[in-house]
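Right, one structure below, let's go through it.
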Amino acid sequence: MLIKKPSDILSSEITPRDLYLRRREFLQQATALGLAGTLFPASGALAQPAVPVTEPGKLAKLPGKPSPLSATDKKTPYKDVVTYNNYYEFGTDKAEPAQYAHKLRTRPWSVTIDGEVRNKKPIDIEDLLKLAPMEERVYRMRCVEGWSMVIPWVGYPMAELIKRVEPTAKAKFIGFTTATQPDTMVGLRLPVLEWPYVEGLRMDEAMHPLTILGFGLYGEVLPNQNGAPVRLVAPWKYGFKSIKSIVRITFMESMPKTSWNVAAAHEYGFYSNVNPAVDHPRWSQATERRIGEDGFFQPKRKTLLFNGYADQVAGLYTGMDLKKLF
Ligand code: MTE
């Protein structure tokens with residue numbers, strides 16, 4: 001994203017994907033040999049195993065009722081979803097979050113609710129998990145870097161939480177903050193972004209039925225590298241809006257700061273809606289490569305306005321110039 005110059009482009013982005021994955025497999029097998037027997041039990045596992053989770057069945061189950069809002073696209077294989085990540089607190093290489101995020105402590109965990117809201121309080125993660133019925137939402141996710149995935153998230157609408165905490169009439173935006181654990185998050189030592197990672201939505205975006213709090217994927221709790229124990233998922237926006245490992249949700253009168261906008265305002269706007277007609281200043285956003293599906297030498301597929309969710313969300317932006325308010 002921001003920090004990449006041609007000289008920084010990661011090997012994961014220039015190596016044909018199948019070769020790249022085999023490199024990971026090789027490293028994982030080597031790690032597994034050294035650490036065999038230290039894996040955590042399959043059920044109820046909260047602390048995650050040191051060997052990266054690369055297949056379902058290793059984490060606690062978290063089923064969700066299938067939602068009519070799910071996309072029908074072919075799902076991205078679990079292995080790709082959990083080993084090709086952006087979570088800069090654990091390093092900027094796509095493989096690093098899977099390698100290092102098992103250290104993240106996800107219990108005890110609570111999410112502070114504050115700002116322009118009547119029920120200011122910390123909510124324990126166990127209570128947050130029980131707050132509303134879990135649904136499975138299969139969403140297309142489009143990263144600003146030009147790749148996409150289709151992920152079966154498990155969670156419930158953000159609106160369920162918002163209703164219960166009773167925002168005041170002044171609340172027009174919501175700011176989200178990721179945890180900072182300097183002893184587990186190796187990436188915090190790098191001045192890549194201002195830490196903690198922060199993101200935000202306008203209130204009507206946060207209330208939109210497509211916006212969910214995600215607690216799981218593929219019917220299990222989130223692997224740490226995907227943002228355990230709770231993250232945001234807003235599928236019509238570039239992936240960086242979907243902030244991971246949330247510890248604070250703040251209701252605000254004015255637009256919150258967002259990490260990538262603070263880092264490079266001319267490259268990353270507050271809205272960051274997927275829009276093939278608005279290029280990133282350093283690359284086109286017209287096309288994308290679907291991870292696990294599109295071969296490296298295959299022509300890229302066309303990116304759709306609002307990531308294909310225009311019918312549902314275009315109304316949120318009526319009258320706005322999406323080229324200026326990108
Ligand atoms: N949240 C935090 N706290 N830190 C990050 O670096 N990366 C973002 C977003 N949320 C990020 C984050 C980006 S750039 C993307 S594309 C998605 O997470 C990736 O989510 P995934 O790894 O589950 O696919």
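Only this structure's heavy atoms are used, side chains among them; waters, hydrogens and symmetry mates stay out. In each ligand, atom 1 is the first atom listed, and ligand 1 is the first ligand listed.
Looking at Trp153 next to ligand 1, no N or O pair under 3.5 Å apart turns up. In terms of polar-atom proximity, defined here as any N/O pair under 3.5 Å, Trp147 makes no such contact with ligand 1. In terms of polar-atom proximity, defined here as any N/O pair under 3.5 Å, Tyr84 makes no such contact with ligand 1. Backbone and side-chain nitrogen or oxygen atoms of Thr178 are examined, and one is located within less than 3.5 angstrom of a nitrogen or oxygen of ligand 1. For ligand 1, the polar-atom distance check finds no N/O of Gln225 at less than 3.5 Å from any of the ligand's N/O atoms.
Under the 3.5 Å distance criterion, the side-chain polar atoms of Thr211 are left unmatched by any main-chain donor or acceptor of Met207. In this structure a side-chain-to-backbone donor-acceptor pair under 3.5 Å is missing from Asn85 to Tyr87.
Taking 4.0 Å as the cut-off, Glu145 does not count as a neighbour of ligand 1 on heavy-atom distance. Contact annotation: Ser245 has no heavy atom less than 4.0 Å from any atom of ligand 1.
Aromatic rings of Tyr317 and Phe306 (six-membered ring for Trp) have centroids within the 6.0 Å cut-off, being under it. Taking the six-membered ring for Trp and the full ring otherwise, Tyr309 and Trp236 have centroids separated by 6.0 Å or more. Ring-centre distance between Tyr88 and Tyr197: not below the 6.0 Å cut-off. A ring-centre distance under 6.0 Å is not found for Phe215 and Trp153.
Glu126 CD: more than 12 foreign heavy atoms inside a 6.0 Å radius.
Residue contacts with ligand 1 for Arg231 involve side-chain atoms from C-beta outward but no N, CA, C or O (heavy atoms, distance under 4.0 Å). Contacts between Tyr197 and ligand 1 below 4.0 angstrom, taking non-hydrogen atoms only, involve the side chain exclusively. Counting heavy atoms under 4.0 Å from ligand 1, residue Glu89 touches it through the side chain alone.
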